[in-house]
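First the structure, in the form of structure tokens, and then the observations on it.
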Amino acid sequence: MLELGGRNSEWRIAELPAVEADHNLLRQVYANLIGNAVKFTRKKEQAVIEIGTEVDHAHEELICFVKDNGAGFNNKYLDELFGVFQRLHSAKQFEGTGIGLANVRTIIERHDGRVWADGELKKGETFYFTLPLGKVKKEA
């Protein structure tokens with residue numbers, strides 16, 4: 001359950017395409033990424049969380065992202081970000097077990113996709129994952 005408790009937050013959610021995937025696992029990916037966005041924007045006066053997609057025709061991928069204006073991270077630690085029990089913030093600052101992003105990576109790799117992130121301390125972060133365009137359902 002997301003803990004928003006009267007916080008001032010702005011949500012920007014694009015229409016997401018239907019995809020051929022394990023919906024429960026994909027739901028878990030979004031739950032982890034959105035949960036992190038809510039958690040890491042907790043100290044912001046105005047939280048901004050954006051969820052969207054874009055198509056990369058050159059690589060035949062659907063790029064999905066969750067972006068926020070929260071705590072951010074130093075990009076020099078990117079290699080550790082998706083590892084099991086890896087944390088870039090102390091448990092005193094932000095709760096968590098350190099397995100959420102590792103789960104995201106595992107789920108997306110099982111769907112033939114990839115994951116990465118970009119962030120800047122105190123300015124926010126964006127988490128990306130891809131799915132092959134062949135998994136995007138065509139509109140009727």
Side-chain angles (χ1 to χ4, degrees):
M1 182 75 170
L2 296 177
E3 297 295 325
L4 296 173
R7 291 176 44 200
N8 186 14
S9 54
E10 177 183 341
W11 291 82
R12 301 173 186 164
I13 304 172
E15 187 173 334
L16 303 176
V19 296
E20 294 177 20
D22 183 313
H23 290 196
N24 288 326
L25 291 176
L26 204 53
R27 186 176 294 118
Q28 185 62 50
V29 166
Y30 274 110
N32 286 350
L33 296 178
I34 293 167
N36 278 354
V38 169
K39 175 173 37 176
F40 290 113
T41 58
R42 182 181 308 137
K43 297 178 181 181
K44 294 299 250 187
E45 185 175 317
Q46 165 82 39
V48 179
I49 300 170
E50 182 177 355
I51 303 165
T53 63
E54 54 189 66
V55 174
D56 179 352
H57 290 287
H59 296 99
E60 297 187 19
E61 295 176 317
L62 176 69
I63 300 172
C64 307
F65 63 88
V66 176
K67 178 179 183 176
D68 67 66
N69 67 333
F73 57 85
N74 187 326
N75 276 321
K76 76 178 186 179
Y77 299 111
L78 276 175
D79 291 343
E80 300 173 24
L81 198 57
F82 291 94
V84 177
F85 304 121
Q86 295 297 317
R87 298 177 51 92
L88 300 186
H89 300 279
S90 74
K92 288 182 181 180
Q93 290 177 301
F94 298 100
E95 72 285 349
T97 61
I99 62 169
L101 292 177
N103 285 340
V104 166
R105 183 185 68 203
T106 299
I107 291 167
I108 294 304
E109 287 177 352
R110 287 185 182 167
H111 285 82
D112 300 321
R114 55 194 179 93
V115 297
W116 72 96
D118 185 36
E120 187 174 345
L121 278 174
K122 299 181 183 178
K123 293 191 177 183
E125 55 259 332
T126 306
F127 288 90
Y128 301 92
F129 67 89
T130 66
L131 296 169
L133 273 183
K135 294 189 184 235
V136 177
K137 293 183 180 180
K138 306 293 185 232
E139 292 185 31

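Along the sequence shown, residues are numbered consecutively beginning with 1. As a basis for the values below, the full set of heavy atoms in this structure was taken, side chains included, without hydrogen atoms, waters or symmetry mates.
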Mind checking the CG-CD spacing from Asp112 to Glu61? Nearest 0.5 Å is all I need. 10.5 Å

Euclidean distance, Lys44 NZ relative to Lys123 NZ, rounded to 0.5 Å: 9.5 Å

Please check if any side-chain donor atom of Gln28 sits under 3.5 Å from a side-chain acceptor atom of Asn24, or the reverse. no

Counting C-beta onward and ignoring hydrogens, is there a side-chain heavy-atom pair between Pro17 and Leu62 closer than 4.5 Å? yes

Is there side-chain contact between Asn75 and Glu120, with at least one heavy-atom pair below 4.5 Å? no

In the structure I gave you, are the side-chain heavy atoms of Leu131 and Glu20 within less than 4.5 Å of one another anywhere? no

Stepwise side-chain contact (heavy atoms from CB on, under 4.5 Å) check, Ile107 with Asn32: CA-CA 11 Å; Ile107 291 167; Asn32 286 350; 5.8 Å; no

Check whether more than 12 heavy atoms from other residues, nucleotides or ligands sit under 6.0 Å from atom CD of Glu45, and answer yes or no. no

Could you report the tightest heavy-atom contact between Phe65 and Glu54, atom names first, then the distance? CE2-OE1, 4.4 Å

Any chance you could measure Glu15, atom CD, to Thr53, atom OG1, to the nearest 0.5 Å? 9.0 Å

Rounded to the nearest 0.5 Å, the CZ atom of Phe129 sits from the CG atom of Leu26 at a distance of 5.0 Å

pair Thr130-Trp116: side-chain heavy atoms closer than 4.5 Å: yes

What is the distance from atom CZ of Phe127 to atom OH of Tyr30, rounded to the nearest 0.5 Å? 14.0 Å

How far apart are the C-alpha atoms of Val48 and Lys67, what are their side-chain angles, what is the distance that settles it, and do they pass the side-chain contact (heavy atoms from CB on, under 4.5 Å) test? CA-CA 8 Å; Val48 179; Lys67 178 179 183 176; over 6 Å; no

Take Thr41 and Asn69, measure what side-chain contact (heavy atoms from CB on, under 4.5 Å) needs, and give me the verdict at the end. CA-CA 6 Å; Thr41 58; Asn69 67 333; 3.6 Å; yes

Spacing of CH2 belonging to Trp11 relative to CD1 belonging to Ile49, to within rounding of 0.5 Å: 3.5 Å

